[in-house]
K.L.:
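Below are the structure tokens for one structure; questions will follow.
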Amino acid sequence: MSAAASELKAVDFIDDRRIEETLAAARPEPARVREILAKSLAKQRLDPTETAALLRIEDPALWQEVFVTARKLKNDVYGNRIVLFAPLYVGDKCINNCAYCGFKCSNRDVVRKTLTDDELRSELVALEGQGHKRLILVWGEHPDYSAEEMARVVRIAYATKAGKGAIRRVNINAAPLDVDGYRVMKAAGIGTFQVFQESYHHETYASVHPANTRKGNYLWRLTSHDRAMEAGVDDVGIGALFGLYDWRFEVMGLLAHTIHLEERFGVGPHTISFPRVNVASNVELDRSHFVSDEDFKKVIAVLRLAVPYTGLILTARETPQMRREGLELGVSQIDAGSRLELGSYQECREGECQELNREQFELHDTRPLDAVVGELIRDGYIPSWCTSCYRLGRTGEHFMEFSIPGFIKRYCTPNALTTLAEYLTDYASEETKHDGFGLIERELALIGDEKKRDAVRERIARIRTTNERDLCF
Ligand code: SAM
Ligand code: SF4
């Protein structure tokens, strides 16, 4: 279908007034809140009225109940696996002028750059050399970054091998495409295509995205995931940039977006991102809607409870402490060892460089991958680089892992353990290796099915003693 035909069907499913009214009418009485929490624990998606009731809680004791329930639900649904990835910025040229972003076209101080193929390969080799298997490629919006060009880069990413390493899943965060553009991306074998709405509130959206820019078109952006799904890109990621408008409204917007995709395609977004605005080169923002740490934890907990089966991503924009808390409350994916300056994976080590005029915004967690992996292990999480579902064609059905009885035990945990064994064998420091294999032993002992336990043990032994890799279930 052509872009124009697809656009004709585009419907603005965000009704600001309705969201405001639902929030205003919500009554978070304790008995009602507990009923809603019970529904979440039964792993049912909440509706907007229920979510609004949670968002309107004032009583700190009741918020504690929400946090406790979010932690329990996180554990019930996801167990202790945490998926790890890294961002790779490919090009920062941009025709838009988003008020919050260091790449905005009016910022003359930022160094404009697009990685050459050689630089791209060096970055990929550096990332693979650290142990990454999952990337998100990031671009500004610019005529140079067509779907064909991005697809070409994706192919290079899959084709570049280093040592025993290979990138196994390439996700994208870039400007919205038309249906044909998404088809081109799908043919290149992308994983998730992320587009964040930034703010679901129309007036706020207009105030930070000038009308004469591509990004000024709210509806084109809002319906980008519909076009992606029409094109067969089954895994889409939605998001809102917290700090532009009221956080309660944005959570309601993310939920409305999820419900829209579920109703239209029978499946919601693969992931939800909820970045907070960070310091960026030549960016001065009105701070009236900035989200405090306390409120940010409420955002995470309510999202977890509202959409039990949707992956939640928390990036290195946040501090290590906030990331630890986020993981407990519901986050299922994090980046690690991230560098945002274009070309910087090959050039700098150990969090030593952050140059604001070469990056989109500042990071607050610049620890190397091994430090993050080591901490996760010591906190009892299984770092996972599993890409098995997507590569075996199980995309778009991510809820399968939750809806098929025993799926997590049969596939997800074993794959988390084998990919962790690969990381420990090929890349980890001695300390992480020691702690990691200790964790693997404890996790193996928890696998009740003896045949399965032996199969996982046997694959891990092969990983440790041979060059065989990618032994996924
Ligand atoms: N140019 C593409 C677009 O706008 O969709 C790619 C997006 S950008 C490279 C990735 C995301 O970073 C944006 O969607 C926005 O939510 C977020 N972002 C931009 N400026 C930010 C800032 N100052 N702090 C935190 N996140 C920011
Ligand atoms: Fe460009 Fe994206 Fe930054 Fe907006 S958020 S200025 S579109 S890179």
Side-chain angles (χ1 to χ4, degrees), residues 14 16 19-20 22-24 26 28 46 48 51-60 62-64 66-67 70-71 74 98-102 173 194 196-209 237-258 269 271-280 283-307 310-335 360-365:
I14 298 291
D16 293 18
I19 291 180
E20 304 278 16
T22 308
L23 279 166
L46 299 182
T51 305
L54 297 185
L55 292 166
R56 285 288 311 280
I57 293 171
E58 298 281 349
D59 177 5
L62 212 46
W63 269 117
Q64 283 314 316
V66 170
F67 292 146
R71 286 190 193 104
K74 158 82 197 290
C98 310
Y100 44 80
C101 178
N173 187 317
Q194 292 184 346
F196 303 161
Q197 188 59 24
E198 319 299 9
S199 177
Y200 285 94
H201 186 249
H202 289 73
E203 200 184 312
T204 303
Y205 187 92
S207 74
V208 290
H209 303 114
I238 65 171
L241 183 56
F242 280 78
L244 301 177
Y245 187 59
D246 176 48
W247 57 271
R248 294 178 178 87
F249 187 101
E250 302 297 7
V251 172
M252 295 292 283
L254 288 166
L255 179 66
H257 203 160
T258 301
T271 52
I272 295 182
S273 301
F274 37 94
R276 279 193 288 186
V277 180
N278 266 3
V279 169
V283 165
E284 296 230 353
L285 283 177
D286 163 17
R287 299 180 66 87
S288 54
H289 291 298
F290 275 28
V291 183
S292 68
D293 287 356
E294 214 36 52
D295 287 343
F296 194 57
K297 285 184 235 165
K298 295 174 185 170
V299 169
I300 303 173
V302 173
L303 281 173
R304 179 67 299 137
L305 294 166
V307 289
T310 308
L312 295 184
I313 299 180
L314 189 61
T315 68
R317 290 174 180 87
E318 300 296 334
T319 61
Q321 176 58 26
M322 180 52 76
R323 302 227 290 172
R324 278 189 281 277
E325 295 188 52
L327 288 172
E328 281 188 25
L329 289 171
V331 168
S332 52
Q333 290 195 26
I334 59 171
D335 57 337
Q360 194 187 13
F361 47 79
E362 199 173 76
L363 293 182
H364 291 140
D365 185 354

K.L.:
Between F274 and V251, is any pair of side-chain heavy atoms under 4.5 Å apart?
P.N.:
no
K.L.:
Strictly distance-based, threshold 3.5 Å: is any side-chain N or O of D335 a donor or acceptor partner for the main-chain N or O of A316?
P.N.:
yes
K.L.:
Could you tell me which residues satisfy salt bridge (charged side-chain N to carboxylate O under 4.0 Å, His left out) with R276, sequence neighbours excluded, listed by chain and number?
P.N.:
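Salt bridge (charged side-chain N to carboxylate O under 4.0 Å, His left out) check on R276 returns D293, E318.
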K.L.:
Looking at L254 and I238, what are the two nearest heavy atoms and their distance?
P.N.:
O-CD1, 3.6 Å
K.L.:
For K297, what residues pass the salt bridge (charged side-chain N to carboxylate O under 4.0 Å, His left out) criterion, not counting sequence neighbours?
P.N.:
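Partners of K297 under the salt bridge (charged side-chain N to carboxylate O under 4.0 Å, His left out) test: E294, E325.
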K.L.:
If you compare all heavy atoms of S273 against all heavy atoms of Q194, which two are closest, and at what distance to 0.1 Å?
P.N.:
OG-NE2, 3.9 Å
K.L.:
Specify whether H209 and Y205 have parallel, tilted or perpendicular ring planes, treating 30° as the upper limit for parallel and 60° as the lower limit for perpendicular.
P.N.:
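Answer is tilted, since the angle falls between 30° and 60°.
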K.L.:
Mind checking the NE2-OH spacing from H257 to Y200? Nearest 0.5 Å is all I need.
P.N.:
5.0 Å
K.L.:
Indicate the atoms forming the closest heavy-atom contact of A240 with P275, along with that distance.
P.N.:
O-CD, 3.1 Å
K.L.:
Okay, side chain of R248, backbone of L55: is any donor-acceptor separation there less than 3.5 Å?
P.N.:
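A pair under 3.5 Å: yes.
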K.L.:
With rounding to the nearest 0.5 Å, note down the distance linking CG in L303 to CG in L329.
P.N.:
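Going from the CG atom of L303 to the CG atom of L329 covers 11.0 Å.
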K.L.:
Do F196 and L241 touch side chain to side chain, with heavy atoms closer than 4.5 Å?
P.N.:
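No, side chains not in contact.
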K.L.:
Considering residues at least two apart in sequence or located in another chain, which fulfil the salt bridge (charged side-chain N to carboxylate O under 4.0 Å, His left out) criterion with D16?
P.N.:
none
K.L.:
With a 4.5 Å cut-off on side-chain heavy atoms, are M252 and P48 touching?
P.N.:
yes
K.L.:
Going from CD1 on I313 to OG on S332, what distance comes out if it is rounded to the nearest 0.5 angstrom?
P.N.:
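One gets 7.5 Å once the value is rounded to the nearest 0.5 Å.
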K.L.:
Are any non-hydrogen side-chain atoms of T271 and Q333 less than 4.5 angstrom apart?
P.N.:
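Yes, close enough: below the 4.5 Å cut-off.
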K.L.:
Evaluate the side-chain proximity of W63 to V302: yes if any heavy-atom separation is below 4.5 Å, no if none is.
P.N.:
yes
K.L.:
Kindly compute the distance separating CG (L244) from OG1 (T204), expressed to the nearest 0.5 Å.
P.N.:
7.5 Å
K.L.:
For residues G102 and V283, report the shortest heavy-atom separation together with the two atoms involved.
P.N.:
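Taking G102 first and V283 second, the nearest heavy atoms are N-CG2, 4.1 Å.
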K.L.:
Which heavy-atom pair separates A280 from F361 by the least distance, and what is that distance?
P.N.:
CB-CA, 4.0 Å
K.L.:
Mind checking side-chain hydrogen bond (donor to acceptor under 3.5 Å, both in side chains) for S199 and listing every partner two or more places apart, or none if nothing turns up?
P.N.:
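For S199 the side-chain hydrogen bond (donor to acceptor under 3.5 Å, both in side chains) partners, ignoring immediate neighbours, are E250.
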K.L.:
Please report the interatomic distance CG(L314) to CG(L327), rounded to the nearest 0.5 Å.
P.N.:
7.0 Å
K.L.:
Which distance, rounded to the nearest 0.5 Å, do you find between the CD1 of I19 and the CD1 of I14?
P.N.:
5.0 Å
K.L.:
Please report the closest heavy-atom contact between L255 and A306, naming both atoms and the distance.
P.N.:
CD1-CB, 4.4 Å
K.L.:
Checking the side chain of W247 only, and the main-chain atoms of F242 only, is there a donor and an acceptor separated by less than 3.5 Å?
P.N.:
no
K.L.:
Using the side-chain hydrogen bond (donor to acceptor under 3.5 Å, both in side chains) criterion, which residues pair with R317? Sequence neighbours excluded.
P.N.:
T315
K.L.:
Just wondering, do H201 and D246 contact through their side chains at under 4.5 Å, heavy atoms?
P.N.:
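The answer is no, as the side chains (C-beta and beyond) never meet within the 4.5 Å cut-off.
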K.L.:
What residues form a salt bridge (charged side-chain N to carboxylate O under 4.0 Å, His left out) with R324, not counting sequence neighbours?
P.N.:
E375
